[in-house]
Amino acid sequence: EPLAPGQIFLVEIEEKELGWCGHLRVGLTAHDPQSLEVVPEYSLPDLVNMGDTWVFAITRSHNRVAADGEEAPARARGPPREPFLLIEQVRIPRDTLVGRSRPGRYSHILDDLYKTNVLPATARRSRIGVLYAPQPDGTADMHIVINGEDMGPSARHLPTARPLYAVVDVFASTKSVRVIPVEYGFPSLQTLCRLVIQKHIVHRLAIDGLDLPLLLKSFCKHE
């Protein structure tokens, strides 16, 4: 289905494959997937060369596209603190957008990483989304969101007269991804409970000792 204006399409990197160069690619296309006789083997350059397609490789660093006559603003350093991500007029609960490392034997060592919500863009469990934000001139800007941080406009002046579809190219070292549903508006009661539980524990391994259903424990640990 095509994306609605401001609707984010979010995926989480589930499996990685060693020995490859390059990572996941994401973007938007105005080509209806059902109209394609053959899906191009590569989003870059095959799909992009068909026109009306904007796809970018996900790397450890990203550059924003400056508006005409402007310099690209510097990205803010450090983890995002606000509960909502605001892109133009779009307001998205940040909690769903943030990828977190899986708890394990050395989970206590990773707790600082966990609390600051920092994961490398190309790491397992990193969450990457794409959306488009309409502009006053009738076009749209494409935004890529990585672990709750807006990378800024990656492409400008996208046409909005035609439906736009999300593109996810599982490429090179990225072996598989899963689609993450995103809640809009107010966070759910389940999400609010998770935030309270996480706030009052020393580290994630402590969740296992709580008198909670197994599914809720897994939800609290973002598994």
Side-chain angles (χ1 to χ4, degrees), residues 1-14 23-36 39-40 43-44 47-48 50-58 62 64-65 67 75 80 82-100 117 119 121 125-171 174 176-192 194-195 219 222:
E1 298 292 333
L3 292 178
Q7 178 188 3
I8 189 169
F9 188 84
L10 184 69
V11 297
E12 178 178 285
I13 298 177
E14 197 168 41
H23 304 280
L24 185 73
R25 297 163 172 180
V26 300
L28 296 171
T29 182
H31 295 282
D32 185 345
Q34 296 185 10
S35 69
L36 298 175
V39 176
S43 61
L44 284 170
L47 184 60
V48 170
M50 294 173 61
D52 291 331
T53 300
W54 305 264
V55 174
F56 293 85
I58 301 301
H62 295 265
R64 302 185 181 193
V65 177
R75 284 176 51 193
E82 297 298 324
F84 289 91
L85 175 65
L86 184 63
I87 302 177
E88 305 288 344
Q89 301 301 315
V90 183
R91 190 168 179 261
I92 312 172
R94 199 188 296 270
D95 183 60
T96 307
L97 305 178
V98 177
R100 294 171 173 85
N117 292 340
L119 264 184
R125 304 184 70 79
S126 178
R127 293 187 176 184
I128 300 165
V130 61
L131 59 86
Y132 68 93
Q135 301 299 306
D137 63 358
T139 66
D141 291 350
M142 184 182 83
H143 289 250
I144 293 175
V145 177
I146 299 179
N147 291 322
E149 183 182 359
D150 175 24
M151 298 292 108
S154 298
R156 294 185 184 272
H157 308 300
L158 275 66
T160 55
R162 296 169 59 187
L164 296 174
Y165 300 82
V167 177
V168 178
D169 190 350
V170 182
F171 178 77
T174 305
S176 68
V177 299
R178 66 186 181 104
V179 178
I180 304 295
V182 178
E183 300 172 351
Y184 285 82
F186 294 102
S188 66
L189 179 60
Q190 190 179 36
T191 297
L192 292 174
R194 173 171 62 187
L195 293 174
F219 182 74
H222 290 270

Original post:
Does Asp52 have any salt bridge (charged side-chain N to carboxylate O under 4.0 Å, His left out) partners at least two apart in sequence or in another chain, and if so, which?
Top reply: Arg162

Subject >> Listed partners of Leu3 passing side chain to side chain contact (heavy atoms under 4.5 Å, CB included), at least two apart >> reply: Gln7, Phe9, Leu28, Tyr132, Ala166

Original post:
Just wondering, do Val11 and Leu24 contact through their side chains at under 4.5 Å, heavy atoms?
Top reply: yes

Original post:
Does a side-chain heavy-atom distance below 4.5 Å link Ile180 with Arg178?
Top reply: yes

Original post:
Rounded to the nearest 0.5 Å, what separation is found between the NE2 atom of His23 and the CZ atom of Phe171?
Top reply: 10.0 Å

**OP:** For Leu85 and Gly148, work out which heavy atoms get closest and say how close.
**Re:** CD1-O, 3.8 Å

Original post:
Closest heavy-atom contact between Asp150 and Gly152?
Top reply: OD1-N, 2.9 Å

Subject >> Close side-chain approach of Val130 and Trp54, heavy atoms under 4.5 Å >> reply: no

**OP:** Search all heavy atoms of Arg25 against all heavy atoms of Leu44 and return the closest pair with its distance.
**Re:** NH1-O, 3.1 Å

Subject >> 4.5 Å side-chain heavy-atom contact, Asn147 and Arg127 >> reply: yes

**OP:** Looking only at non-hydrogen atoms, find the nearest pair between Tyr165 and His31 and report the distance.
**Re:** CD1-O, 3.5 Å

Subject >> Spacing of His143 atom NE2 and Met151 atom CE [to the nearest 0.5 Å] >> reply: 11.5 Å

Original post:
Between Ile8 and Leu97, is any pair of side-chain heavy atoms under 4.5 Å apart?
Top reply: yes

**OP:** Only counting residues at least two apart or in another chain, list the ones meeting side chain to side chain contact (heavy atoms under 4.5 Å, CB included) with Gln135.
**Re:** Glu88, Ala133, Asp137, Thr139, Asp141

Original post:
Do Met50 and Leu36 come within less than 4.5 Å of each other through their side chains, counting heavy atoms only?
Top reply: yes

Subject >> Test side-chain hydrogen bond (donor to acceptor under 3.5 Å, both in side chains) applied to Thr53 - qualifying residues, sequence neighbours left out >> reply: Thr29

Subject >> Distance, nearest 0.5 Å, that separates OG of Ser126 from CD of Glu14 >> reply: 13.5 Å

Original post:
Is there a side-chain contact between Asp169 and Leu47, using heavy atoms and a 4.5 Å cut-off?
Top reply: no

**OP:** Might you point out which heavy atoms bring Thr96 and Pro181 nearest each other, and give the distance in Å?
**Re:** CG2-O, 3.4 Å

Original post:
Is the shortest heavy-atom distance from the side chain of Ile128 to the side chain of Val168 under 4.5 Å?
Top reply: no

Original post:
Of all heavy-atom pairs between Ala121 and Ile13, which one has the smallest distance, and what is that distance?
Top reply: O-CD1, 3.9 Å

Original post:
Once you round to the nearest 0.5 Å, how far does CG of Leu131 lie from CE of Met142?
Top reply: 9.5 Å

